[in-house]
There are 2 protein chains.
Amino acid sequence: MAMLTQKHNKSECKSQMLPVRDALDILSGKWKLHIIIALSFGNRRFKEMQKEIEGITARMLSKELKELEMNEMIKRTVYDSQPVIIEYSLTQYGQSLNKVIEELHNWGTQHRRRIMRKSK
Amino acid sequence: MAMLTQKHNKSECKSQMLPVRDALDILSGKWKLHIIIALSFGNRRFKEMQKEIEGITARMLSKELKELEMNEMIKRTVYDSQPVIIEYSLTQYGQSLNKVIEELHNWGTQHRRRIMRKSK
DNA sequence: CAGTATCCTGCACGATACTG
DNA sequence: CAGTATCGTGCAGGATACTG
């Protein structure tokens with residue numbers, strides 16, 4: 001078909017890459033997206049998340065929460081009830097990732113189906 | 001607002017996470033998405049990609065291309081012209097990632113804008 | 001041109017123990 | 001409960017040199 005490399009615009013290509021890299025920078029880390037997904041189902045406390053996200057350690061959860069908070073993706077709220085309750089929630093900004101997550105989920109689902117078909 | 005944790009369905013949450021993890025597994029690695037984006041602008045030869053993807057070494061490009069090929073995201077074609085030309089292209093399957101990339105790009109663009117506003 | 005082969009290093013992440 | 005502190009390690013990824 002396309003024996004010769006098609007005419008292509010390199011600067012256009014690079015301008016496509018930059019924002020993607022930006023996005024990936026925020027989302028880098030093994031657990032960030034999982035945390036965001038968990039919170040997209042409702043606010044959570046530390047221990048709740050730890051149970052829900054299989055395999056994560058307190059250390060990692062703590063670390064990733066901090067980074068997400070710094071980037072204003074999530075919010076940490078302290079309720080000075082008795083006993084004190086600390087709750088994490090998605091910010092508006094964090095919610096703006098839902099499209100990305102949705103597409104990742106869609107693709108992942110298709111992909112999983114494909115894998116299953118093969119391995120039989 | 002939601003002082004108490006909302007009622008939530010944990011299994012639903014986990015079923016959301018699994019496919020996302022699957023997707024990320026394929027896309028893991030610093031350069032995979034960049035390679036796919038480059039190829040989405042047209043077929044490329046090895047050296048072309050290396051120039052286009054800033055910072056990638058031959059070693060990494062080779063490695064990531066191999067993995068992408070194994071997962072049938074890209075295709076390697078040898079044209080036995082004189083001299084031999086080797087061309088990489090996206091498969092149909094690889095193209096199916098365009099939605100994901102588009103959303104990452106959209107979000108990344110927004111995010112970059114936000115960052116710029118802040119840093120001033 | 002289209003890659004390999006070798007060697008090296010940081011740090012992302014895990015395990016475990018501890019704290020107010 | 002909601003984390004922190006410490007220590008250890010694999011391996012993703014870089015640098016550099018080489019090959020058919």
Side-chain angles (χ1 to χ4, degrees), chain A residues 2-5 8 10 17 20-21 24-36 38-39 42-71 74-89, chain B residues 2-5 8 10 17 20-21 24-36 38-39 42-71 74-89:
Chain A
M3 165 67 201
L4 291 179
T5 310
H8 50 261
K10 291 205 175 175
M17 284 179 185
V20 173
R21 201 187 282 262
L24 292 182
D25 281 351
I26 300 296
L27 272 18
S28 74
K30 199 172 166 185
W31 303 105
K32 297 251 166 61
L33 274 174
H34 292 275
I35 291 171
I36 291 173
L39 289 179
N43 301 352
R44 296 287 141 96
R45 300 170 64 175
F46 194 90
K47 276 278 150 115
E48 288 179 326
M49 304 193 73
Q50 214 186 334
K51 267 182 236 158
E52 202 158 56
I53 303 174
E54 221 141 324
I56 198 170
T57 61
R59 187 179 102 84
M60 283 314 290
L61 182 52
S62 169
K63 219 179 129 242
E64 304 268 63
L65 284 172
K66 239 168 229 157
E67 286 174 39
L68 287 170
E69 201 189 348
M70 277 182 48
N71 288 308
I74 67 173
K75 187 160 160 263
R76 182 180 185 272
T77 313
V78 183
Y79 295 102
D80 49 351
S81 50
Q82 206 46 260
V84 167
I85 284 179
I86 295 165
E87 194 180 70
Y88 291 92
S89 56
Chain B
M3 163 69 200
L4 291 179
T5 309
H8 49 259
K10 294 206 175 177
M17 285 178 185
V20 174
R21 201 186 281 262
L24 293 181
D25 281 351
I26 301 296
L27 270 19
S28 74
K30 199 173 168 184
W31 304 105
K32 298 250 168 63
L33 274 175
H34 293 274
I35 291 171
I36 291 173
L39 289 179
N43 302 352
R44 297 285 141 97
R45 300 170 64 175
F46 193 91
K47 277 275 152 118
E48 287 178 327
M49 305 195 73
Q50 214 186 332
K51 268 181 238 160
E52 201 157 55
I53 303 174
E54 221 141 322
I56 198 169
T57 60
R59 186 180 103 84
M60 283 312 292
L61 181 53
S62 169
K63 221 179 126 239
E64 304 269 62
L65 283 172
K66 239 169 230 157
E67 285 173 40
L68 287 170
E69 200 187 349
M70 277 182 48
N71 287 308
I74 66 174
K75 188 161 161 262
R76 181 179 186 275
T77 312
V78 183
Y79 295 101
D80 50 351
S81 49
Q82 206 47 258
V84 166
I85 284 179
I86 294 165
E87 194 180 69
Y88 292 91
S89 56

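In what follows, every chain begins at residue 1, and chains take the letters A, B, ... in the order their sequences are listed.
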Main-chain N/O of B:S28 paired to B:K32 side chain as donor or acceptor, under 3.5 Å: yes

Summary of protein contacts for nucleotides 1-20 of chain D, nucleotide by nucleotide, where a base hit scores B, a sugar-phosphate-only hit scores S (4.0 Å, heavy atoms): SSBS-B------BBB-----

Atom pair CD1 (B:I74) and CD (B:E67), whose distance is rounded to the nearest 0.5 Å: 10.5 Å

Sole residue of B:Q50, B:E52, B:E87 in side-chain hydrogen bond (donor to acceptor under 3.5 Å, both in side chains) with B:R44: B:E52

Five-pair end axes of the helix from C:dC1-D:dG20 to C:dG20-D:dC1 and the angle they enclose, rounded to 10°: 50°

Test log, rule side-chain contact (heavy atoms from CB on, under 4.5 Å), inputs B:Y88 and B:L39: CA-CA 7 Å; B:Y88 292 91; B:L39 289 179; 4.1 Å; yes

B:E64 side-chain N/O to B:W31 backbone N/O, donor-acceptor pair under 3.5 Å: yes

Full working for side-chain contact (heavy atoms from CB on, under 4.5 Å) between A:M49 and A:I35: CA-CA 8 Å; A:M49 304 193 73; A:I35 291 171; 3.5 Å; yes

Nearest-0.5 Å distance, NZ of residue A:K63 to CG of residue A:L68: 11.0 Å

